[in-house]
Amino acid sequence: MSKVESQTSLVIVVGPTAVGKTEISIQLAERLDGEIVSADSRLFYRGMDIGTAKPTPEQRSRIHHHLIDVADPRETWSLSLFQRAASEAIADIHARGRTPFLVGGTGQYIHAVTRGWTPPAAAPDMSLRADLESRAKYEGYQRLYEELQQFDPASAKRIDPRNVRRTIRALEVIRLTGRKFSDQRGQAEGPYRLLTIGLTRPRPELYARVDARIESMFAAGLREEVQGLLNSGISLDLPAMTSIGYRECVGVLQGRLTVEEAKMQMRRATRVFVRRQANWFKLDDPSIHWFEVGRVQIEEIESLIRSFLNL
RNA sequence: GCCGAGAUAGCUCAGCUGGUAGAGCACGCGACUGAAAAUUGCGGUGUCCCCAGUUCGAUCCUGGGUCUCGGCA
């Protein structure tokens, strides 16, 4: 068996939020006997459906989706957990003779899978983080950063001094493992044979879709969904509750924001999000096959995938 | 109609009795290896409402206009 034949073929579908990934990827999976592995840091969580624009039950009945609704919102899922679960799901789909599609908007997670990242194995230590956070607050972020410079200059060079989050993570790994953070983050040969489909739309069109989607989220009961989470006693500083739409609705429910203000903040935050997502997948990346949604026929993408899969 | 206040970046506004401008947000670009829809770095934005005058020089001073917002009729 040649190396190529022994490698699992993986189709990636990327693109900004609201571009139309969900529907297009389902159609492609239907035509190509595929299953979808979600690469989205918010779709893990059960009970967060409206604000995350999760694929609907109807959509999910058409195609098997993996890594959706796999966690309680009170849990914290992470890059490493995702990476492991995604590899398993892909292997499982492949073993059953079907085609895995990795679809989602969380660029970091997709790179971790496709580029064979090996993140440092030290699991998050919340009390250590809280400790370091309070030091950053009372002694200043400079102190933490100086500490990082001292113990791991290579990491310090790659992290902005004021980026307390990343500084803390690096210090955490050093503290927990006794080794430098920079020595532990690796990148292996990616384990898959890849075809990356990028979906795009002109920014103004995308922004208009975002605005419309925000309206329909409220119409569909976003506030009630958030109220339900609050009723369950969820803590507001969990990652799940930092999601766009959720934090703003909390503001409304606590009387800090009007609905109009919340919508405006959501529009802004989502547009910023769109731009930041674009940092992970560039239009001039030669390894990505870009298609403008609305101007491309699904058959065109399908036939590209077919030839990749040798069908 | 009268009396006040104002007109500066896409928006909200700052601008020391004159030397052609600035902050937040927005917008654009970048970083990211167990919080990533998180966190964070960098960068443009302009007939300083119009016309005249004073001045070597007006966003700033003077006069006139236009418009906006208050208050009183």
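Numbered from 1 within each chain, the chains take letters A, B, ... in sequence-line order.
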query = With sugar-phosphate meaning primed atoms plus P, OP1 and OP2, does A/G186 contact a base, only sugar-phosphate, or nothing at under 4.0 Å between heavy atoms?
reply = base

ask   = With a 4.0 Å cut-off on heavy atoms, is A/Y109 in touch with a base, just the backbone sugar-phosphate, or nothing at all?
value = sugar-phosphate

message = Could you identify the nucleotide paired to B/C2, looking across every strand shown and requiring Watson-Crick or G-U wobble geometry with both distances under 3.5 Å?
response = B/G71

query = Looking across every strand, which nucleic acid part, if any, lies under 4.0 Å from A/D237 by heavy atom: base, sugar-phosphate, or nothing?
reply = nothing

query = NA contact type, A/Y141, heavy-atom cut-off 4.0 Å: base, sugar-phosphate, or nothing?
reply = nothing

query = Considering only B/A31, B/C27, B/U33, which nucleotide approaches the side chain of A/N279 most closely?
reply = B/A31

request  = Using a 4.0 Å heavy-atom cut-off across all strands, classify A/Q187 as base, sugar-phosphate, or nothing.
outcome  = base

message = Taking any heavy-atom pair under 4.0 Å as a contact, classify A/T118: base, sugar-phosphate, or nothing.
response = base

message = So, does A/R203 get its side chain near the phosphate of B/C29, meaning an N or O under 4.0 Å from OP1 or OP2?
response = yes

query = With sugar-phosphate meaning primed atoms plus P, OP1 and OP2, does A/A121 contact a base, only sugar-phosphate, or nothing at under 4.0 Å between heavy atoms?
reply = base

N or O in side chain of A/R276 less than 4.0 angstrom from B/A31 OP1/OP2 = no

key: Check: A/F181 and A/E172 side chains under 4.5 Å, non-hydrogen atoms   = no

inquiry  = Check this one for me: any side-chain N or O of A/K282 less than 4.0 Å away from OP1 or OP2 of B/A31?
reply    = yes

message = So A/R115, base contact, sugar-phosphate only, or nothing? Heavy-atom distance under 4.0 Å.
response = nothing

Pair up each side-chain donor or acceptor in residues 18-25 of chain A with any protein partner under 3.5 Å, not counting sequence neighbours, and list the distances.
from	atom 1	to	atom 2	distance (Å)
A/K21	NZ	A/G15	O	3.0
A/K21	NZ	A/P16	O	3.0
A/E23	OE1	A/Q59	NE2	3.1
A/E23	OE2	A/Q27	NE2	3.4
A/E23	OE2	A/R62	NH1	3.4
A/E23	OE2	A/R62	NH2	3.2
A/S25	OG	A/K21	O	2.8
A/S25	OG	A/T22	O	3.0

ask   = Side chain of A/E133, base of B/A35: donor and acceptor closer than 3.5 Å?
value = yes

request  = Indicate, with a heavy-atom threshold strictly under 4.0 Å, whether A/L81 touches base, sugar-phosphate, or nothing.
outcome  = base

query = In whole angstrom, what separates A/W280's CH2 from B/U39's C1'?
reply = 12 Å

key: Complementary nucleotide of B/G18, counting Watson-Crick and G-U pairs under 3.5 Å   = none

ask   = Does B/C11 have a Watson-Crick or wobble mate here (both distances under 3.5 Å), and if so which one?
value = B/G24

request  = Kindly state whether the ring of A/H111 and the ring of A/F281 have centres lying under 6.0 angstrom apart.
outcome  = yes

ask   = When the P atoms of B/C48 and B/U8 are considered, how many whole Å apart are they?
value = 11 Å

query = OP1 or OP2 of B/C25 sitting under 4.0 Å from any side-chain N/O of A/R268?
reply = no

request  = Tell me the partner of B/U33, counting only Watson-Crick (N1-N3 plus N6-O4 or O6-N4) or G-U wobble (N1-O2 and O6-N3) with both under 3.5 Å; none if nothing fits.
outcome  = none

query = Is there side-chain contact between A/F44 and A/I68, with at least one heavy-atom pair below 4.5 Å?
reply = no

query = Reckon A/G51 touches a base, only the sugar-phosphate, or nothing at all at heavy-atom distances under 4.0 Å?
reply = base

ask   = Of the nucleotides B/C27, B/A35, B/U40, which has the atom closest to the A/R162 side chain?
value = B/U40

ask   = For A/R42 and B/A36, is the shortest distance between a side-chain N/O and OP1 or OP2 below 4.0 Å?
value = yes

Phosphate OP1/OP2 of B/C27: any A/R271 side-chain N/O under 4.0 Å = yes

query = Taking syn as any angle within 90 degrees of 0 and anti as the rest, which one fits B/G57?
reply = anti

ask   = Does a side-chain N or O from A/R166 land closer than 4.0 Å to OP1 or OP2 of B/A35, or not?
value = no

ask   = Base, sugar-phosphate, or nothing for A/R129, non-hydrogen atoms under 4.0 angstrom?
value = base

key: Complementary nucleotide for B/U47 - Watson-Crick or wobble, under 3.5 Å   = none

ask   = Using purine N1 to pyrimidine N3 plus N6-O4 or O6-N4 for Watson-Crick, or N1-O2 and O6-N3 for G-U wobble, both under 3.5 Å, which nucleotide pairs with B/A52?
value = B/U62

request  = Looking at every strand, decide which applies to A/F181 at a 4.0 Å heavy-atom threshold: base, sugar-phosphate, or nothing.
outcome  = sugar-phosphate

query = What nucleic acid atoms does A/W77 come within less than 4.0 Å of, heavy atoms only: base, sugar-phosphate, or nothing?
reply = sugar-phosphate

message = Checking contacts here: which listed nucleotide (B/A38, B/G41, B/G34) is nearest the side-chain heavy atoms of A/S80?
response = B/G34

query = Does B/U33 have OP1 or OP2 sitting under 4.0 Å from an N or O in the side chain of A/R185?
reply = yes

task = Considering only atom C1', compute the distance from B/A14 to B/G22 and round it to an integer number of Å.
result = 7 Å

key: A/W280 side chain near A/I110 side chain, heavy-atom distance below 4.5 Å   = no

key: A/Q277 or A/L79, whichever maps to the more 5' nucleotide of RNA chain B   = A/L79

message = Looking at B/G57, which nucleotide sits across from it as a Watson-Crick or G-U wobble partner, both distances under 3.5 angstrom, or is there none?
response = none

inquiry  = Between A/R169 and B/U33, is there a contact of a side-chain N or O with OP1 or OP2 at under 4.0 Å?
reply    = no

key: Any donor-acceptor N/O pair under 3.5 Å between B/A31 base and A/R158 side chain   = no

ask   = Using a cut-off of 4.0 Å on non-hydrogen atoms, how would the nucleic acid contact of A/T52 be classed: base, sugar-phosphate, or nothing?
value = base

